[in-house]
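Residue numbering restarts at 1 for every chain, and letters A, B, ... go by the order of the sequence lines.
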Amino acid sequence: MRVLVIARTVPDSRATIRVNASGGAIETTGVAMICDPFDELGVEQGVRLREGRPDVTEAVVMSAGPGPATPQDQALRAALAMGIDRGIYVHGDLVTPPARYDELLLARVLAAAIKAEEAKNGEFALILCGKAAIDTDAGELGPALGELLNRPSIGAATKIEIGADAKSLKATRRGDGVSEAIEASLPAVVSCEKGLAEPRFASLPNIMKAKKKPVEMVSAADLPGLAGIKATTKVVKLSPPAPRAPCKMLAGEPAQMASELVRLLRSEAKVI
Amino acid sequence: MGANVLVYIESRGGRALAGSVQLLTLAAQIAAGGRVEAVVVGPDAATIAANVAKRGAAAVHTVEGEPFAMYGALAYARAVEQAMKQAQASVLLLATSEQSRDFAPRVAARLNATMATDCTHVEIAGDALRVQRPMYARKCMVEIEMPGGVRVLSVRPNTFEAPGEGTPGSVSPLSVTLDAGDAKARTLESVRSGGQAMDVAEADVIVTGGQSLKTTENFKILQELADELDGAVGATRAAVDAGLQPYPKQVGLTGKTVTPRLYIACGVDGAVQHLAGMRGSKIVVAINTKKEAPIFGEATYGCVADLFTLVPLITQEVKKLHGASA
Amino acid sequence: MALLLAASMGAFGVLAWRRWRLLRLARPEARFDQLGERFRRMMRMGVGQQRMSRYPLAGLAHKAIFFGFIVLLLRSLILFARGFVDAPGFGYWVFDSGTLLGNVYALVKDVYVVLVLAGVGVFAYMRLVARTRRLTLSAEGVLILVIIATMMIADVVYDAAGLALHHPGAGFSPWEPLGSLAAPAFAWMGDGAKAFAWHAGFWVHVSLVLGFLNLLPLSKHFHIITGLPNVFFQDLTPPGRLRPIADIEGKIERGETLGLRTLDDLTWKGVLDLYSCTECGRCTDHCPAAKTGKILSPKAITVDLRNHLYATGSSRGATKAVEGEGGGVTLEDIVPAVVNPEALWACTTCRACEQECPLNISYVDKIVDMRRHLVMERGENPASLNGAFQSMERAGNPYAAGAEDRLKWAEGLEVPVLSDLPEGAKDRVLFWVGCAPAYDARARGIARAMVKLLNHAKVDWCCLGAEECCTGDAARRAGNEFLFQAMATGNVETLKRYGVTKILTVCAHCFNSLGNEYPDFGGAFEVVHHTQFLAALVREGRLTPTHRVETSLVYHDACYLGRHNDVYDAPREVLRSVPGVTLVEAAASRDRGMCCGAGGAQMFKEEEHGTQRVSEARTIQLVQTGAKTIASACPFCMRMLTDAVAKQGDGAIAQMDVAEVLLKSIEGEIA
């Protein structure tokens with residue numbers, strides 16, 4: 001049984017986001033890049049399976065981004081340091097912003113890369129990724145991969161358990177105010193939600209060892225079945241972040257405050 | 001634009017999710033001469049459909065039956081895909097929710113469509129759609145153009161007003177055939193989450209209390225609000241230290257780091273260690289009697305008020321709101 | 001006599017050789033520099049018994065025994081010789097009985113016999129009657145006291161019986177007061193019995209001395225031999241400096257240990273520390289963690305490590321101290337076999353233990369070294385630290401805040417940022433704000449007060465703005481040396497790029513790190529703490545406190561300002577300059593000031609399990625002085641005390657930074 005984790009490199013959540021000169025992507029120089037924290041949940045889960053089950057023979061991480069000369073990809077390094085065996089780095093314009101902002105396109109490219117890898121080394125029983133990456137916050141990757149690879153997909157999983165026979169899995173996913181128990185056959189794709197597995201902090205020796213783990217470079221443009229593919233959506237522009245508005249202080253009697261607050265949360269902030 | 005548009009009406013607890021009914025307004029704008037249809041899937045499909053049919057959908061397809069009794073990504077994706085075919089629609093609209101995030105990308109991939117998730121603004125530009133959606137934890141908005149072809153859009157609730165009632169459209173059951181692939185996963189059960197057991201790190205709405213709550217008992221008023229919002233209760237280090245709440249509920253640098261969509265801080269002053277754990281929250285509400293409390297510097301909305309009076313009032317208001325959207 | 005001497009010397013030789021081997025097998029460390037200074041300190045601590053007096057009664061008793069032993073050493077040598085020379089009054093000719101020197105010595109000796117007995121009495125009282133908490137009641141401790149007392153009594157018996165035998169009827173002799181006073185007690189005996197008593201006194205004394213000698217390497221009384229060398233070889237670098245680990249990445253590549261994993265990782269000075277501990281418990285007595293119910297006890301760490309060392313030895317050669325030559329032993333990891341990790345993580349690195357230890361045994365370096373191994377090699381740190389580590393690494397501050405918010409503290413103030421200053425105008429004092437004053441709403445007041453004071457005094461200053469990055473102090477003290485070095489290197493680079501020469505900090509931790517630790521990374525700057533800077537400005541008349549600030553005020557010493565850097569007077573000088581202020585002192589102040597609980601990265605982790613928070617214990621001490629205001633000089637102390645004061649109930653006591661007090665006096669009211 002082999003496990004694949006998808007790990008994307010994204011700007012640190014604390015970073016200041018600036019739009020670059022072209023207006024089509026964000027400025028990455030001087031921005032700390034990290035492995036996406038949701039993808040990291042999948043990495044942790046993958047490592048736990050690799051460590052905990054003798055029948056899991058390999059855990060592979062796949063990342064995508066500009067290249068090809070980017071062995072410094074933070075997501076790959078983080079995943080390898082956490083205990084994943086080896087990496088595959090898919091590179092090219094197709095998987096680099098602004099094209100990268102089209103997550104269905106990313107799914108198509110990665111599906112092609114996964115098929116190519118599986119043709120060589122066999123099927124992945126389980127593919128894990130974050131429920132959404134913190135940069136695009138789209139969350140389309142997992143379900144779309146499931147569709148493109150003709151496998152069941154489970155979104156926002158907070159718990160997964162692989163059956164002893166390695167043929168099925170049971171998962172708990174977070175729905176809207178509900179928690180759903182799902183049973184699926186393997187191979188499957190699972191998108192990971194917080195609570196699944198607290199990611200470990202890699203120790204220094206493991207970070208060092210990770211530098212020596214093999215990383216295969218794959219050019220997105222050369223993948224079979226992708227000839228002529230391009231982004232179908234067009235990024236018109238990114239708008240720089242609005243300066244954070246000062247706190248809006250509500251006035252009046254408590255009852256007025258309460259109704260005004262609920263109104264604002266609903267129609268202005270749109271969070272309830 | 002002259003396209004046929006299908007709106008997925010999400011059923012929640014036997015009612016239509018308000019956010020998805022609102023999309024009938026957008027659907028009419030996009031259709032501009034084309035047909036607006038809707039699809040409802042699940043055990044209450046017929047009742048919901050009757051309601052929706054009055055709000056501008058020319059036809060409402062209902063999908064019922066054992067495989068759709070509980071939500072499941074594979075079955076629902078198949079149902080919506082077949083409804084798209086039935087309606088000969090080229091645009092699918094869904095309200096952003098955990099459910100639509102889970103199955104809509106499958107539909108999009110199957111239909112070879114383009115997709116945009118969680119749009120906060122949609123504009124028609126000739127044959128194209130121009131949408132805006134937040135990225136980088138709302139630190140940045142991206143404007144995307146979706147040219148022709150099949151398009152799938154999930155739209156954040158409350159972006160549009162629900163249309164008024166008019167001549168009812170037709171309601172008819174749609175018979176959906178599942179293939180072998182669709183049986184590869186099934187939902188075993190669906191239970192209401194939230195309540196005491198909900199982990200703050202996982203919650204999308206968090207109501208946090210500080211030491212000023214004084215007793216564990218007083219945290220109940222926060223729990224009531226959290227329950228109403230399907231959220232969890234959190235606590236500051238001082239509150240945990242004083243034994244008011246257990247450590248797993250501690251939000252802060254040395255406790256849980258949280259990034260909910262809504263964070264309501266009640267009687268929390270906002271010590272730097274606490275702020276470190278909740279800075280990633282999207283919308284922050286601060287309720288504190290001290291108007292100089294640092295928490296107001298991090299908040300979106302601030303109320304200088306006594307939490308013991310205000311929080312129950314907010315809970316009431318939210319209850320009213322939830323009652324109204326039925 | 002010769003047989004006894006040879007046997008006991010031989011046995012001692014074997015025991016001492018084993019100890020010596022262990023010392024030689026330990027890691028090397030350079031401690032042979034600055035011999036003059038070392039000698040000076042040894043005289044002060046050893047001969048001057050400087051630190052013993054911190055406990056007045058025990059100090060006096062120890063002084064009596066310490067000097068008694070020096071005096072009586074000659075006596076023992078004389079007695080050994082008398083075993084060979086058949087002359088009852090033999091004293092190496094110089095001290096022969098009856099000679100002037102001999103007489104003077106006999107008198108001095110008698111005085112010290114009394115003093116030693118009194119000392120033993122005090123110690124016996126402390127151990128058996130008062131049951132002083134810091135002491136562990138052990139048979140060994142009592143046995144030693146009995147031996148010493150017996151030696152003294154045997155000596156008197158020897159003198160008295162000798163007098164009675166050789167000079168029967170002689171009266172009181174001022175040169176031999178004890179012997180001559182006790183002699184009549186033997187007068188009634190026959191000569192045979194007198195001779196027996198005389199010989200018995202002699203043999204008991206002599207054999208106890210030799211027995212005692214052999215007991216030393218086996219007991220805590222080894223300090224009689226190793227104590228002074230341990231003081232001599234103490235670390236002469238600033239106490240606030242931790243030793244860097246060179247080439248961390250290379251060490252990992254080569255599979256070498258980082259920090260302290262097994263006994264093999266101790267240096268010879270570390271081993272000497274273990275030999276020297278006399279289990280007096282002063283360290284634990286003052287440890288803020290131990291005081292508040294944590295399982296940390298510095299004394300226990302030393303004693304447990306020593307027992308472990310004696311039991312297993314070194315894997316580099318002679319191993320089993322007991323069995324002699326061995327080899328090929330795999331040593332156990334110290335944590336958790338010998339030291340509980342929870343104890344390790346309870347340490348605030350406040351140095352109260354080291355300040356108290358009469359023999360300069362070091363603790364903080366060992367504790368941090370053990371943390372280094374846990375964090376960097378095993379990845380085993382308290383989970384509550386991960387947030388701060390990650391934030392320091394990625395965002396350059398421990399508070400998970402963005403760099404763009406670094407100047408938020410200064411809203412409404414004019415702040416010259418170094419990168420914006422024109423060339424030629426960059427030669428200014430650099431105000432290193434620090435993360436807490438930049439991001440902590442309460443601590444922002446310190447930075448704001450400081451800026452206003454700088455402007456009042458017309459000081460040319462500037463700051464780094466968004467380019468400032470955490471010094472890494474907390475990462476280093478939490479054992480994450482790798483992260484610290486990355487941060488230190490980055491900061492030194494920034495500071496050097498601008499040619500910064502003088503740095504002003506308002507944080508005791510930044511002050512210590514920049515001043516004492518950055519030189520190891522190529523950054524030698526003149527670093528001053530704001531209390532020193534302000535004291536100088538007041539002294540020079542550039543700041544004149546005029547408005548009365550009517551309050552009684554207790555100053556809380558920050559560990560990293562006081563014990564780590566010896567700055568005790570500057571903050572007090574500033575406070576005294578403010579009219580209206582009555583300065584009171586807490587019972588625990590200056591170098592005995594209790595930690596606020598934030599040091600050693602505690603600020604960024606959950607406190608270990610105990611009976612009380614350190615900050616609360618300290619706050620209660622401060623409130624008990626009756627002062628209306630606590631003045632502090634470090635934002636970490638301020639944060640800890642603020643939280644603890646809040647818990648005492650609002651308005652229990654006010655809290656201000658020294659700079660804020662001064663500003664209040666200059667401006668009347670803080671705007």
Side-chain angles (χ1 to χ4, degrees), chain A residues 11 13 17 19 26 101 104 107 134-140 143-144 146-148 150 152-156 158 174-185 193-195 232-239 241 247-250 254-255 257-259 261-262 264-267 269-272, chain B residues 12 71 73-74 97-99 101-103 105-106 108-110 114-115 117 130 135-137 139-146 149 156-158 181 184-194 199 201-202 229-230 261-262 280 283 285 296 299-303 305 309-310 313-314 317-318 321:
Chain A
S13 52
I17 299 297
V19 177
I26 63 142
Y101 294 144
L104 276 189
I134 60 166
D135 56 353
T136 56
D137 197 20
E140 295 155 19
E147 182 64 31
L148 296 166
N150 194 23
S153 58
I154 296 166
T158 54
R174 191 172 80 174
D176 301 281
V178 292
S179 156
E180 295 164 350
I182 294 158
E183 190 176 50
S185 63
E193 168 68 296
K194 274 187 266 174
T232 44
T233 58
K234 194 178 123 205
V235 172
V236 181
K237 65 168 191 215
L238 297 189
S239 334
C247 180
K248 192 179 266 186
M249 301 302 283
L250 307 185
M257 250 185 213
S259 67
L261 177 66
V262 171
L264 287 169
L265 289 177
R266 185 173 175 80
S267 19
K270 294 173 184 159
V271 287
I272 60 172
Chain B
R12 192 150 325 154
Y71 165 75
L74 299 182
S97 68
E98 292 297 336
Q99 191 183 95
R101 278 180 186 267
D102 189 41
F103 81 89
R106 286 198 83 109
R110 196 175 300 167
T114 58
M115 180 166 185
T117 296
R130 275 193 174 203
M135 293 205 305
Y136 299 99
K139 285 185 194 170
C140 177
M141 293 299 288
V142 63
E143 193 176 327
I144 296 166
E145 189 169 291
M146 306 171 83
R156 183 170 307 172
N158 306 329
K184 284 180 182 169
R186 61 192 188 97
T187 306
L188 304 175
E189 63 168 348
S190 173
V191 291
R192 211 178 129 73
S193 58
D199 184 355
E202 292 172 40
L229 295 166
D230 287 326
R261 117 183 144 236
L262 174 60
I283 298 292
V285 175
F296 288 116
T300 328
Y301 303 114
C303 303
T309 322
L310 187 59
L313 289 170
I314 298 174
E317 287 293 327
V318 176
L321 188 73

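Between chain B and the residues Asp135(A), Leu238(A), Leu104(A), the most heavy-atom pairs under 4.5 angstrom are made by Asp135(A). Contact tally against chain B (heavy-atom pairs below 4.5 Å) for Gly195(A), Ser267(A), Gly175(A), Ser179(A): the top residue is Ser179(A). By number of non-hydrogen pairs under 4.5 angstrom with chain B, the leading residue of Ala181(A), Ala184(A), Ser185(A) is Ala181(A). Between chain A and the residues Asp102(B), Leu313(B), Thr117(B), the most heavy-atom pairs under 4.5 angstrom are made by Asp102(B).
For Ile134(A), the part sitting under 4.5 Å from any heavy atom of chain B is the backbone (N, CA, C, O) and nothing else. Both the backbone and the side chain of Leu264(A) have a heavy atom closer than 4.5 Å to some heavy atom of chain B. Of the atoms belonging to Val235(A), heavy atoms from both backbone and side chain fall under 4.5 Å from chain B. Within the 4.5 angstrom heavy-atom criterion, atoms from both the backbone and the side chain of Ser97(B) approach chain A. Only the side chain of Arg156(B) comes within less than 4.5 Å of a heavy atom of chain A; its backbone N, CA, C and O stay farther away. In this structure, the portion of Leu229(B) lying under 4.5 Å from any heavy atom of chain A is its side chain and not its backbone. Both the backbone and the side chain of Thr232(A) have a heavy atom closer than 4.5 Å to some heavy atom of chain B. At a 4.5 Å heavy-atom cutoff, the contact between Ala156(A) and chain B is made by side-chain atoms alone. Contact of Ala73(B) with chain A is made through the side chain alone, with heavy-atom distances under 4.5 Å.
Note that CZ of Arg110(B) and CG of Asn150(A) are 8.5 Å apart. Values are rounded to the nearest 0.5 Å. Rounded to the nearest 0.5 angstrom, Leu321(B) CG and Arg266(A) CZ are separated by 4.5 Å. The NZ atom of Lys234(A) sits 13.5 Å away from the CE atom of Met146(B) when rounded to the nearest 0.5 Å. Here the CG atom belonging to Leu74(B) is positioned 9.0 Å from the CD1 atom belonging to Ile182(A), to the nearest 0.5 angstrom.
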Quiz item: Between Asp137(A) and Met135(B), is a side-chain contact (heavy atoms from CB on, under 4.5 Å) present by the stated rule, with each step listed?
Solution: CA-CA 6 Å; Asp137(A) 197 20; Met135(B) 293 205 305; over 6 Å; no

Quiz prompt | Step-by-step side-chain contact (heavy atoms from CB on, under 4.5 Å) determination, Leu261(A) to Glu317(B) | solution = CA-CA 9 Å; Leu261(A) 177 66; Glu317(B) 287 293 327; over 6 Å; no

Exercise. List the steps, then state whether side-chain contact (heavy atoms from CB on, under 4.5 Å) holds for Val262(A) with Ile314(B).
Key: CA-CA 7 Å; Val262(A) 171; Ile314(B) 298 174; 4.0 Å; yes

Quiz item: Is there a side-chain contact (heavy atoms from CB on, under 4.5 Å) between Tyr136(B) and Ile26(A) once you walk through the steps?
Solution: CA-CA 10 Å; Tyr136(B) 299 99; Ile26(A) 63 142; 3.3 Å; yes

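Closest heavy-atom contact between Cys140(B) and Ile17(A): CB-CG2, 4.1 Å. When all heavy atoms are compared, the tightest approach of Lys194(A) to Ala201(B) is CD-O, 3.3 Å. When all heavy atoms of Pro143(A) and Arg106(B) are compared, the closest pair comes out as O-CG, 3.4 Å. Residues Leu310(B) and Pro254(A) share a closest heavy-atom pair of CD1-O, 3.3 Å. Considering every non-hydrogen atom in both Thr158(A) and Glu202(B), the closest pair reads CG2-OE1, 3.8 Å. Between Ala185(B) and Pro152(A), the shortest heavy-atom contact is CB-CB, 3.9 Å.
Side chain of Asn158(B) to main chain of Lys270(A): no donor-acceptor pair is present (N/O by atom type, distance under 3.5 Å, no hydrogens or angles). With hydrogens and angles disregarded, a donor-acceptor distance shorter than 3.5 Å links the side chain of Asp176(A) to the backbone of Glu98(B).
Arg174(A) meets the side chain to side chain donor-acceptor pair (under 3.5 Å) test with Glu193(A); sequence neighbours excluded. In this view, Glu143(B) and Lys237(A), Arg130(B) satisfy the salt bridge (Lys or Arg N to Asp or Glu O under 4.0 Å) rule, not counting sequence neighbours.
By the 4.0 Å N-to-carboxylate-O rule, Arg186(B) lies close enough to Glu183(A) to be salt-bridged with it.
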